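Below is one structure, written out as structure tokens, with a few remarks after it.
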Amino acid sequence: MSAVGENLISVSNTVFALSTPMGGAIAVIRATGPLCRPVLESVFSGRISERLLSFGRISDGGKVLDECMAVFFPAPHSYTGEDMFELDLHGSYAVVTAVSRLLLAKGLEPAPAGEFTKRAFLNGRMDLVQADAVMDLINSETERSARAAMDQLRGGLSARIRAIEEQLLDFGSELGAALDYPEEMEDEVLSSVPGALLPALSELGSLIENGKTNKIVRDGAKLVIIGRPNAGKSSLLNALLNEDRAIVTEYAGTTRDILEEKLSLCGLPVRLVDTAGLRESADPVEAIGIGRAEKQAETAELVLLVIDGSEPLSCGDRELVKKTSGMLVIFVINKQDLAPETALAAEKELTALRADAETAVISCKTRSGIDELARKAAALLGAGEGGAIVTNERHIALMELAKAELEKALDESSTDLVSELVASALSALAGITGREFSEELLDRIFSRFCVGK
Ligand code: GDP
């Protein structure tokens, strides 16, 4: 294990990367390391004023490669904490290739994935929570998940972890003193264990709880639509997809015929699962009413059970209502435009069958009730507006580890063992912010990054 500031991995090479995707009007190349200033001075004709964009030409000897904007950030006030420059080039493949060749010839090396953020961490410019947040922000697909990542980038979670660490460190030093004077102090210190650890335990408990609820904000909630053939499942899928223009991807899921589509429901990322089944309504399995979607429903965060509201509830509908017992479900009574009275009667009957489930009376045809349904679904899944503090699996796992160690410490009757457990909890917490880290952990975190960040 190493610690930031005490055992820095020294980084002396200068690396560069294209930070924007190819094909845009502008291509940004950024570089970090000690060669940045001399190399920029040797290839760029413009005036180099610190942190100010200036216009000039990039030349290789007498050959002009591009006219561009360049900016130089001197260490330590840069993203990585080292000397850095950025070039805003014309976004052509030929220009980017020529400039990259020139930089390689000047002794710069291509940056591996995540290298810039890794250096920012190693130079103490950010902790690991913030580095994780950079990646989460880049991957954010909805406004809500971006906001959660931004909060972490600003250090919200880091500050709360540090506060817990402070409490434990204070208590740790009391324990240390008791180890030096066992007879006089052991009983006294042991009696103070619950008082010292319970606030930290309670704070960890609420952060872990927050993390579990907010997993949805990052990964998206799994939503499954079920219902009898012809109830209007595909129509609902299409209505929901039209609901929000922020459709992110459409890709094949884990098995050949399960298709997921991502959408944003009132800012909450949602994965609509088994849309393949919905689209192939001629599927014989669907026809007998045990669609694949129903199997998916068992592991869904939210189920939408679509019912044809233009006719009275059928035995098939009641069967499906029974199957959803124990699931978080909204009964969606569709085709309200055809027979509004019948739809309302169906809603009443469904509420009587299961009082705890939400209902929504809609028409996919006229889109009446669709917005309201989307809001209901988001509210049921929603992890309170703005309340996302923890969204990262790694952080949750380490907090759970720290909490388990502190819980064990509560039951110990020797200051030695309590001391060890508190130290072990502190070590888990240090792994969150990166106060202690291993090369392997850094590789795991930064290999998820894109090149150029
Ligand atoms: P699925 O088999 O459950 O996927 O049902 P579909 O979405 O294919 O819909 C079955 C039929 O009902 C289609 O002919 C749709 O046009 C029709 N339909 C779906 N929703 C509505 C609605 O709200 N109003 C009316 N009038 N027809 C609808």
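As the structure is a prediction and not an experimental result, all values here were calculated from the model. When a ligand or atom number is given, it counts from 1 through the structure's own listing order.
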Does this structure show an ion pair linking [X] with [Y], if we count only N-O contacts that are shorter than 4.0 Å?
X	Y	value
Glu301	Lys222	no
Glu319	Lys323	no
Lys335	Glu311	no

(Q) Heavy-atom contact check, 4.0 Å cutoff: does Gln336 meet ligand 1? (A) no
(Q) Could you check whether any heavy atom of Ala231 sits closer than 4.0 Å to an atom of ligand 1, since that is the contact criterion I want to use? (A) yes
Ligand 1 atoms in contact with [X] (distance to a heavy atom under 4.0 Å):
X	value
Arg228	3 (O)
Lys365	22 (C), 23 (O), 24 (N), 25 (C), 26 (N)
Leu338	26 (N)
Ser363	23 (O)
Cys364	20 (N), 22 (C), 23 (O)
Asp337	22 (C), 23 (O), 24 (N), 25 (C), 26 (N)

Q: Return each pair, listed once, that meets salt bridge (Lys or Arg N to Asp or Glu O under 4.0 Å) where at least one residue sits in residues 195-208; pairs must be two or more places apart or across chains.
A: Arg160-Glu203
Q | Donor-acceptor under 3.5 Å (Asp83 side chain, Gly33 main chain) | A | no
Q) Nearest heavy atom to atom 21 (C) of ligand 1: which of Arg367, Lys233, Lys335 does it belong to? A) Lys335
